[in-house]
Amino acid sequence: LHEGAALASFAVGKMKDAAEYSSTIIDSENVNFEQSLVAHYLLLRSLECLGRFDDTIARGLAVLRRLNFDIPKDPSPVVVVQTMIQTSSIASQYLSLNNFQEVIHPKQKKILKIIDSVAVACFLSASPYLPLVACAAVIYSLQHGIIHCEESASIFAIFGYF
């Protein structure tokens with residue numbers, strides 16, 4: 001019920017309401033983490049639309065870390081460069097295999113949407129986390145063979161920019 005209200009509120013531009021409904025779902029004891037991924041996405045997008053980029057980034061990074069994404073807490077320039085070099089190396093290996101799926105699992109799509117939300121907030125706020133989020137997303141997309149969707153495309157474009 002709350003997910004429908006969150007989706008409807010988001011669709012009509014009531015971002016504060018969408019954020020509240022999404023938070024209710026996330027905080028519910030009856031909903032496990034995997035079931036709350038859509039609510040996390042709606043919360044992040046709502047916070048982003050409200051201009052609360054720091055909140056979007058902090059919450060988004062917490063969700064990504066809970067999903068086992070390796071994103072350092074203190075992004076020094078050295079760490080960023082090392083991560084980008086490592087990601088380029090990994091990408092070269094995966095791209096040479098050319099083993100990509102055409103159909104994307106719904107959970108993977110939800111995770112990519114969460115990543116996309118965090119990346120947008122990072123971009124809009126000039127966050128030092130942007131290249132790290134892009135690297136983590138590129139590796140995730142390649143490991144799961146999902147490069148043929150719009151969320152992956154935007155992440156690869158951001159990674160290519162750097």
Side-chain angles (χ1 to χ4, degrees), residues 3 6-7 10-11 18-19 22 25-26 31-49 52-162:
E3 188 171 301
L7 285 165
F10 185 82
S22 297
I25 296 166
I26 293 165
V31 179
N32 69 35
F33 179 67
E34 189 169 321
Q35 292 172 327
S36 70
L37 290 177
V38 171
H40 281 287
Y41 166 71
L42 288 171
L43 176 59
L44 294 173
R45 278 291 190 215
S46 298
L47 292 172
E48 172 201 320
C49 290
R52 295 175 51 188
F53 304 127
D54 290 340
D55 289 339
T56 305
I57 294 166
R59 287 178 174 266
L61 290 175
V63 171
L64 293 176
R65 289 183 181 119
R66 195 162 171 197
L67 289 164
N68 297 317
F69 282 79
D70 184 22
I71 300 174
K73 293 188 184 280
D74 297 316
S76 70
V78 171
V79 168
V80 171
V81 170
Q82 288 173 339
T83 303
M84 293 182 69
I85 290 169
Q86 180 182 19
T87 302
S88 292
S89 175
I90 292 168
S92 296
Q93 293 169 8
Y94 274 98
L95 292 173
S96 67
L97 297 175
N98 199 17
N99 186 22
F100 303 109
Q101 58 183 326
E102 294 294 325
V103 179
I104 300 169
H105 187 277
K107 180 181 176 184
Q108 294 170 340
K109 185 89 168 165
K110 292 172 191 172
I111 291 170
L112 287 171
K113 286 182 176 224
I114 289 169
I115 294 167
D116 192 55
S117 299
V118 177
V120 168
C122 287
F123 177 79
L124 292 173
S125 65
S127 171
Y129 284 105
L130 181 59
L132 297 173
V133 169
C135 288
V138 165
I139 291 170
Y140 178 81
S141 294
L142 292 170
Q143 287 174 337
H144 291 86
I146 45 177
I147 62 170
H148 303 294
C149 69
E150 64 186 78
E151 292 82 9
S152 286
S154 62
I155 292 299
F156 278 95
I158 292 169
F159 180 70
Y161 174 77
F162 288 106

With a 4.5 Å heavy-atom cut-off, do [X] and [Y] have their side chains touching?
X: Glu48; Y: Leu44; value: no
X: His40; Y: Ser22; value: no
X: Phe53; Y: Leu47; value: no
X: Leu112; Y: Tyr140; value: yes
X: Leu132; Y: Pro72; value: yes
X: Phe159; Y: Ser88; value: yes
X: Cys122; Y: Val118; value: yes
X: Val120; Y: Arg45; value: yes

With rounding to the nearest 0.5 Å, note down the distance linking [atom1] in [X] to [atom2] in [Y].
X: Ser125; Y: Asp54; atom1: OG; atom2: CG; answer: 6.0 Å
X: Ile90; Y: Ile85; atom1: CD1; atom2: CD1; answer: 12.0 Å
X: His105; Y: Lys110; atom1: NE2; atom2: NZ; answer: 8.5 Å
X: Leu37; Y: Lys109; atom1: CG; atom2: NZ; answer: 14.5 Å

- Take Leu130 and Phe162, measure what side chain to side chain contact (heavy atoms under 4.5 Å, CB included) needs, and give me the verdict at the end. CA-CA 10 Å; Leu130 181 59; Phe162 288 106; 3.8 Å; yes
Heavy-atom pair of closest approach, residues [X] and [Y]:
X: Pro131; Y: Ser127; result: CD-O, 4.3 Å
X: Ile158; Y: Ala134; result: CG2-CB, 3.7 Å
X: Phe10; Y: Ala18; result: N-CB, 3.7 Å
X: Ile25; Y: Val31; result: O-CB, 3.9 Å
X: Ser117; Y: Thr56; result: O-CG2, 4.1 Å
X: Ile155; Y: Ala137; result: CG2-CB, 3.2 Å

Quick one: does [X]'s side chain have a donor or acceptor within less than 3.5 Å of a partner on [Y]'s backbone?
X: Gln35; Y: Asn32; answer: yes
X: Arg65; Y: Ile71; answer: yes
X: Tyr129; Y: Lys73; answer: yes
X: Ser36; Y: Ala39; answer: no

- Query: Which is it for Ile139 and Asp70 under the side chain to side chain contact (heavy atoms under 4.5 Å, CB included) test, yes or no, and what are the steps along the way?
  - Reply: CA-CA 10 Å; Ile139 291 170; Asp70 184 22; over 6 Å; no
- Item | Partners meeting salt bridge (charged side-chain N to carboxylate O under 4.0 Å, His left out) with Asp55 (sequence neighbours left out) |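 Only Arg52 meet the salt bridge (charged side-chain N to carboxylate O under 4.0 Å, His left out) criterion with Asp55.
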- More than 12 foreign heavy atoms under 6.0 Å from CD of Glu34: is that the case here?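 No.
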- Query: Can you list the residues that meet the side chain to side chain donor-acceptor pair (under 3.5 Å) rule with Arg59, with sequence neighbours excluded?
  - Reply: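 Arg59 satisfies side chain to side chain donor-acceptor pair (under 3.5 Å) with no residue once adjacent residues are dropped.
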- Message: Can you list everything that forms a side chain to side chain donor-acceptor pair (under 3.5 Å) with Ser154? Sequence neighbours excluded, please.
- Response: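 Ser154: side chain to side chain donor-acceptor pair (under 3.5 Å) contacts with Asp116.
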- Message: Could you go through Ile114 and Phe69, starting from their C-alpha distance and side-chain angles, then the distance that decides it, and tell me whether this counts as side chain to side chain contact (heavy atoms under 4.5 Å, CB included)?
- Response: CA-CA 12 Å; Ile114 289 169; Phe69 282 79; over 6 Å; no
- Tell me, with the steps shown, if Val79 and Asp74 meet side chain to side chain contact (heavy atoms under 4.5 Å, CB included). CA-CA 9 Å; Val79 168; Asp74 297 316; over 6 Å; no
